[in-house]
2 protein chains.
Amino acid sequence: MLYRAGEAFTHLHVLNSGFFKMISVSADGREQVVGLKFRGDWLGFDAIAGASHACDAVAMDTAEVWSLRYDELLQACARRPELLGLMHEAMSHEIVRDRDTLMSICTLPADARVVAFLQHWAQALSVRGLRADQFSLRLTRAEIGNYLGLTLETVSRVLSRLARASLIAFNEKSRRDICIPDLQALESFVQGRVSLNLH
Amino acid sequence: MLYRAGEAFTHLHVLNSGFFKMISVSADGREQVVGLKFRGDWLGFDAIAGASHACDAVAMDTAEVWSLRYDELLQACARRPELLGLMHEAMSHEIVRDRDTLMSICTLPADARVVAFLQHWAQALSVRGLRADQFSLRLTRAEIGNYLGLTLETVSRVLSRLARASLIAFNEKSRRDICIPDLQALESFVQGRVSLNLH
DNA sequence: CGCACTTTTGAACGCTATCAATGCGTGTGG
DNA sequence: CCACACGCATTGATAGCGTTCAAAAGTGCG
């Protein structure tokens with residue numbers, strides 16, 4: 001765990017390798033995965049406003065993180081304006097990304113949400129030069145469901161249906177490692193609402 | 001409309017009076033209310049990353065907006081570091097706020113979501129020194145539902161139920177203007193419903 | 001007044017949650 | 001080595017919440 005909700009804010013972090021999940025807990029104890037972080041993403045922006053972190057940052061793998069003291073970072077930005085540009089870009093990107101997930105959750109049915117989740121993950125890998133046709137989800141069904149506003153059973157059922165339709169395939173070792181032979185086919189699935197009720 | 005999705009990014013804006021809604025449209029035409037803005041909020045952060053706006057900013061009322069050229073703003077920040085602090089705080093606050101709404105939508109049933117929406121609005125007014133026990137929603141039932149991942153009928157039903165329970169009251173002129181005699185009562189109403197769902 | 005838009009309310013349907021049983025892989029201890 | 005517990009995943013049956021479809025009333029405006 002890189003930081004926990006409530007901890008005093010001192011550093012921002014840049015993820016150089018590995019994967020993180022961001023987890024918020026509400027006052028009444030509801031827990032929620034509110035974001036996923038990949039290589040190059042910044043962590044800790046949530047803490048600037050309140051001077052303490054608003055969520056937990058949990059590594060999903062061995063990870064390498066560059067931690068930067070915020071005050072020193074600002075001084076460095078004064079000397080090197082392009083650094084400030086990078087930081088603003090990262091913050092802006094996070095805002096846009098969060099809105100995209102909000103839209104997915106508000107407007108898509110369960111199966112399309114799961115597909116959008118897979119696409120998101122695949123694209124995140126692809127943009128970073130990693131293979132996007134075969135990867136590990138690194139989240140339990142329960143966590144995926146939580147992130148998407150679904151139950152773990154629904155996630156499991158959708159994935160099974162996608163596998164039955166050969167739009168994805170499971171690794172024979174672990175059902176958390178999946179293959180996406182044709183990302184286009186998945187994409188058109190969301191668009192056209194192809195019915196998978198083959199049974 | 002202050003700006004539209006796709007427009008080139010030149011200015012950030014600070015809302016000095018009035019109310020704005022932020023509307024995103026996905027590639028396949030799904031429309032989504034992704035945020036609400038009140039006095040003192042900044043608008044336009046979404047455009048920094050992509051150099052063009054990612055959503056529409058629509059006024060819900062006559063509004064006064066201060067528009068600041070981004071490049072000039074950065075120069076001013078170099079001279080006055082506290083200005084940069086304000087801007088970062090606003091961005092960070094937006095990130096935290098977006099996550100809160102995501103959590104509400106993912107973890108709460110319909111009635112609790114509507115209540116959370118009312119609380120959010122009331123608190124936004126209260127923090128700004130405006131009266132929070134009586135205000136106009138400025139959104140149609142359809143827009144509220146869209147923002148909360150519900151249909152307009154569900155929103156209408158929940159509001160009617162809340163009014164029947166005297167937790168809120170409608171203005172006799174317009175059913176978009178509501179009274180909240182006891183905000184605490186509303187809050188405990190959500191708590192009770194959620195704790196039932198938690199086990 | 002007519003027209004378009006918004007809101008309310010009812011009834012029926014369907015998607016997703018809930019409840020429950022089973023299987024699988026892993027680590028642990030007898 | 002096996003038995004066992006534990007966490008994770010799958011699958012089925014059922015129920016319920018929210019959607020969909022539909023009708024009617026209220027509101028604002030040219």
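The chains referred to below are lettered A, B, ... by the order of the sequence lines, with proteins before strands, and numbering in each begins at 1.
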Would you sort out whether Ser67(A) and His13(A) count as a side chain to side chain donor-acceptor pair (under 3.5 Å), showing the intermediate values?
CA-CA 4 Å; Ser67(A) 296; His13(A) 314 273; 2.7 Å; yes
Arg4(A) side chain vs Asp56(A) backbone, donor-acceptor pair below 3.5 Å:
no
Counting only N and O atoms by type, is there a donor-acceptor contact under 3.5 Å from the side chain of Tyr3(A) to the main-chain atoms of His53(A)?
no
Among the candidates dT8(C), dT10(D), dT16(C), find the nucleotide nearest to the side-chain atoms of Ser156(A).
dT10(D)
I'd like to know if the side chain of Arg175(A) and the backbone of Asn171(A) have a donor-acceptor N/O pair within less than 3.5 Å.
no
Proximal nucleotide (of dC21(D), dA9(D), dG18(D)) relative to the Thr140(A) side chain:
dA9(D)
Take atom CZ of Arg175(A) and atom C1' of dT26(C), then tell me their distance rounded to the nearest Å.
17 Å
Just how far, in rounded Å, is P of dT11(D) from CZ of Arg141(A)?
10 Å
For the pair Asp28(A) and Arg30(A), find out whether any cationic side-chain nitrogen is under 4.0 Å from an anionic carboxylate oxygen.
yes
Return the angle between end axes of the helix from dC1(C)-dG30(D) to dG30(C)-dC1(D), with five pairs used per end and rounding to 10°.
30°
Could you state the atom-to-atom distance from CD1 of Ile105(B) to P of dG18(D) in whole Å?
14 Å
Mind checking Gly145(B) for me? I need base, sugar-phosphate or nothing, with any heavy atom below 4.0 Å counting as a touch.
nothing
Sub-3.5 Å donor-acceptor pair from the side chain of Thr107(B) to the main-chain atoms of Met103(B), do we have one?
yes
Rounded to whole Å, CD of Glu153(B) lies from C1' of dT7(C) at a distance of 10 Å
Once you round it to whole Å, what is the distance between P of dG18(D) and CZ of Arg157(B)?
11 Å
Considering only heavy atoms, which members of residues 162-172 of chain B lie under 4.0 Å from some atom of DNA chain D?
none
At under 4.0 Å, does any side-chain N or O of Ser160(A) touch on OP1 or OP2 of dT11(D)?
yes
For Thr154(B), which contact category applies under a 4.0 Å heavy-atom criterion: base, sugar-phosphate, or nothing?
base
For atom CZ of Arg97(A), is the number of surrounding heavy atoms from other residues, nucleotides or ligands below 6.0 Å larger than 12?
yes
What residue pairs, at least two apart or across chains, pass ring pair (Phe, Tyr, Trp, His ring centres under 6.0 Å) with a residue in residues 153-177 of chain A?
none
Hey, does the side-chain of Glu143(A) have a donor or acceptor N/O within less than 3.5 Å of a partner on the base of dC8(D)?
no
Counting N and O atoms only, with roles assigned by atom type, does the side chain of Asp98(A) sit under 3.5 Å from a partner on the main chain of Arg99(B), one being a donor and the other an acceptor?
no
Across the strands shown, which category fits Leu152(B) at heavy-atom distances under 4.0 angstrom: base, sugar-phosphate, nothing?
base
